2 protein chains.
Amino acid sequence: MSATVFDIAKKATVSIATVSRVLNNTQNVSHERKQRVLAAMEELDFQPNRWARGMAKGQKNQQTGQVAMMLINIPDRIAHTAYTMQYIHGVQQEIAATGRKCLFVTWNDQTDGDTIPQVLLDGEIDGVVFKGYPYTEIGKQWLSRYPRIILNPPAAPPDCDSAMVDYEEGAHDSVAYLASLGHRRIAFVGLPSFRTKLLGYRRAVEELGLDVDEGLIHTRNISLEDTSQELDLNWAIENLWSLSKPPTAILSNDYFCGAIYKALAKRGLKVPDDVSVIGYDNEASHCEALIPKLTSVDIEAVELGRLAAKQLLDRIQKPQERYRKISIRGRIVERGSVRKL
Amino acid sequence: MSATVFDIAKKATVSIATVSRVLNNTQNVSHERKQRVLAAMEELDFQPNRWARGMAKGQKNQQTGQVAMMLINIPDRIAHTAYTMQYIHGVQQEIAATGRKCLFVTWNDQTDGDTIPQVLLDGEIDGVVFKGYPYTEIGKQWLSRYPRIILNPPAAPPDCDSAMVDYEEGAHDSVAYLASLGHRRIAFVGLPSFRTKLLGYRRAVEELGLDVDEGLIHTRNISLEDTSQELDLNWAIENLWSLSKPPTAILSNDYFCGAIYKALAKRGLKVPDDVSVIGYDNEASHCEALIPKLTSVDIEAVELGRLAAKQLLDRIQKPQERYRKISIRGRIVERGSVRKL
DNA sequence: GCACTTTCTGTAAGCCCTTACATTTTCAGT
DNA sequence: ACTGAAAATGTAAGGGCTTACAGAAAGTGC
């Protein structure tokens, strides 16, 4: 049996109210009595019962002070990356900064079936920042009971806040960056799903009066499988270099740049001497493994996590306001794959 | 104001005891009344107040059902990596599997000063899995109040459980693996701090009767700074190839292998045709960025996290038992940097 | 129908705090 | 020394639930 306020009060010969006041530092208590109480607490190893506290605080404290960071149906391949870690870290930092706590939850319909995470079930959270979606109806329902914000979905959902990576501006900025170094013919290599990036690319090319040439744009379902990927990118590079005027720089994704380097090397082209290459995502260990190290657009995942958490906290206060879509502009991290023309 | 048992009782015209019995399914309640109660709950959207419940249940329920996963004084460079993510994921999985919840906490003496994380302060956790140490005395004290386990410290501390990556076996296994492919002269390149790995290396070399040659072992304070690192590893490779019989394989760390590839290339040596290279840590995006992709020893971080959490849960049950040091053997992930001799 | 067991149900006490309100003490200003 | 305000302290009322205990209803065997 652990000590209660009564035990402390008796030991320190004060009233329970005084004990409580010392405990919460709410009102003036004479120095001498305070010491007595503190001493008694120390001696009896007093641990206030948190349920009793919660109960006594009553309505005023309906918030649990806990927020969940959820990874929903994220395959390990994606979950186990630096930027997922960054998201989580950002979220946690912001939550901790307000004295709240961050629960980390993974939820996988494949493995868990219809099991709803315990956290949602017993409602010990005020809201959730999540990445990915639940597949099941029942899962969606449970999630929708809480104030929430989704991290970087392909498209902002209509029924909650979202925090997006601004791929358009990122692509725009990297084109502008290359242009500022004198590049006029910039290739775009990516998947057809890179629509937003392509938008940014086109806008920048137009704004800056660079060479417009559809031949410079290669979007194709590049295989994620290694060997085919190399073939795909080889093909892309061959096409680019069969243009009457080949590009002097290539815009792509970190993930493809290894194969791009290789394809360029095959044609005897050196990075960055002959061609500048700029990636996207700034997956550090990837970029730094390449030789030369890859210049890339950082998506600012930590900051995005922080903003998302901040927005969630706002949302918890004001459940009624219109849903917001916040987005964040990336930042170019210079390494060794781009040179001045 | 949300509904209470009284409201339900009134609505269903039963006593609060009956409501409670339905809620907890503890005693027989006639079918008819049970239905009435259930209906009333549904209608009033009854959510039992968890503080009141905790309070009423009293002692029987002293566990909070929450466990913290803490990153203490881990610099971002290390925190934002795939394997940190894997640790966390493993810990979370195991904790969730027992119906508990996982709090994610970062704690940084540099930025936070003497601030103790809220989680420790209000004791809403049953234990903690942590990576890194608090620097301050007061921090250590707070941490030591809880059942805990440390993830992969340089050395197992005497005052808590620890979960270690078995670098010795990992190094041993990779030597054995190379030996099984016909390699007899295997170089070891790393930092002086790679003592455990070196132990495994030597043991394997001896066990398997491979060439013993101190010249094959290069431990030196390789710089973490890019350009110097290249110089350091260049120097290592030069030394190795100035031996009368150079190695046919190199054992190192993922992080150094980029520069090792480059140094080898400089001497006209191709990986894996002329030299096999095997890394350590299996940082996927790093290994896969290299060309050829790097074969590496996976530290099984997810599994280690899981084991650590499991051990912690045990520890919480049996606080008195001797501290344990659990360790886990890695697994070689084959990619393209090793070939049969 | 009676005595007795078994099953249900209700009353009320208690879990351990916080805090409104009442009371006592302290202290400045006269 | 006396007054009134400010500071310190204490008393007691909950807060929403569980559960021991007692009492009512239903079921059993004769």
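Letters A, B, ... mirror the listed sequences (proteins, then strands); counts begin at 1. Since we're looking at a predicted model, the values are computed, not measured.
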With sequence neighbours left out, the residues meeting side chain to side chain contact (heavy atoms under 4.5 Å, CB included) with Ile16(A) are Val5(A), Phe6(A), Ala9(A)
(request) Verify whether one side chain among Gln66(A) and Gln66(B) offers a donor that lies under 3.5 Å from an acceptor in the other. (result) yes
Under a plain distance cut-off of 3.5 Å, with no hydrogens placed, do Arg21(A) and Asn28(A) share a side-chain donor-acceptor pair?
no
Rounded to whole Å, please give me the gap between [atom1] in [X] and [atom2] in [N].
{"X": "Lys57(B)", "N": "dA13(C)", "atom1": "NZ", "atom2": "P", "value": "22 Å"}
{"X": "Asn49(A)", "N": "dT18(C)", "atom1": "CG", "atom2": "C1'", "value": "13 Å"}
{"X": "Gln27(A)", "N": "dA22(C)", "atom1": "CD", "atom2": "P", "value": "15 Å"}
{"X": "Trp51(B)", "N": "dG14(D)", "atom1": "CH2", "atom2": "C1'", "value": "17 Å"}
{"X": "Asn24(A)", "N": "dT18(C)", "atom1": "CG", "atom2": "P", "value": "4 Å"}
{"X": "Arg21(B)", "N": "dC17(D)", "atom1": "CZ", "atom2": "P", "value": "15 Å"}

Report all interatomic pairs (protein N or O, nucleotide N or O of nucleotides 5-7 of chain C) with separations under 3.5 Å.
none

Heavy atoms only, 4.0 Å cut-off, all strands: where does Ser20(A) land among base, sugar-phosphate and nothing? base
(request) Please work out if Val29(B) contacts a base, only the sugar-phosphate, or nothing of the nucleic acid, heavy-atom cut-off 4.0 Å. (result) sugar-phosphate
Here the residues of residues 31-46 of chain B within 4.0 Å heavy-atom distance, strictly under, of DNA chain C are Arg33(B)
So, with a heavy-atom separation below 4.0 Å from DNA chain C, the residues of residues 6-16 of chain A are Ile16(A)
With sequence neighbours left out, write down each residue that passes salt bridge (Lys or Arg N to Asp or Glu O under 4.0 Å) with [X], or none if nothing qualifies.
{"X": "Asp298(B)", "result": "Arg331(B)"}
{"X": "Arg36(A)", "result": "Glu32(A)"}
{"X": "Lys101(B)", "result": "Asp122(A)"}
{"X": "Arg324(B)", "result": "none"}

Quick note, Met55(A) side chain, CB onward, closest among dG14(D), dG16(D), dT18(D) is dG16(D)
Quick note, side chain to side chain donor-acceptor pair (under 3.5 Å) partners involving residues 67-77 of chain A, not counting sequence neighbours, are Asn73(A)-Asp109(A)
Sorted by chain and residue number, the side chain to side chain donor-acceptor pair (under 3.5 Å) partners of Asn108(B) (sequence neighbours excluded) come out as none
Residues 67-103 of chain B vs ring-ring contact (aromatic ring centres under 6.0 Å, His included), sequence neighbours excluded, gives His80(A)-His89(B), His89(A)-His80(B)
Applied to residues 109-139 of chain A, the ring-ring contact (aromatic ring centres under 6.0 Å, His included) test, sequence neighbours excluded, yields none
Handout entry: Ring-face cation contact, Trp51(B) with Arg53(B), 6.0 Å cut, 45° max
Key = no
Q.
So, OP1 or OP2 of dC8(C): does either fall under 4.0 Å of a side-chain N or O from Thr18(B)?
A. no
The answer to which of Val5(A) and Ser30(B) contacts DNA chain C further toward the 5' end, by nearest nucleotide, is Ser30(B)
- Message: Between the base of dG15(D) and the side chain of Arg53(A), is there a donor and acceptor pair under 3.5 angstrom?
- Response: no
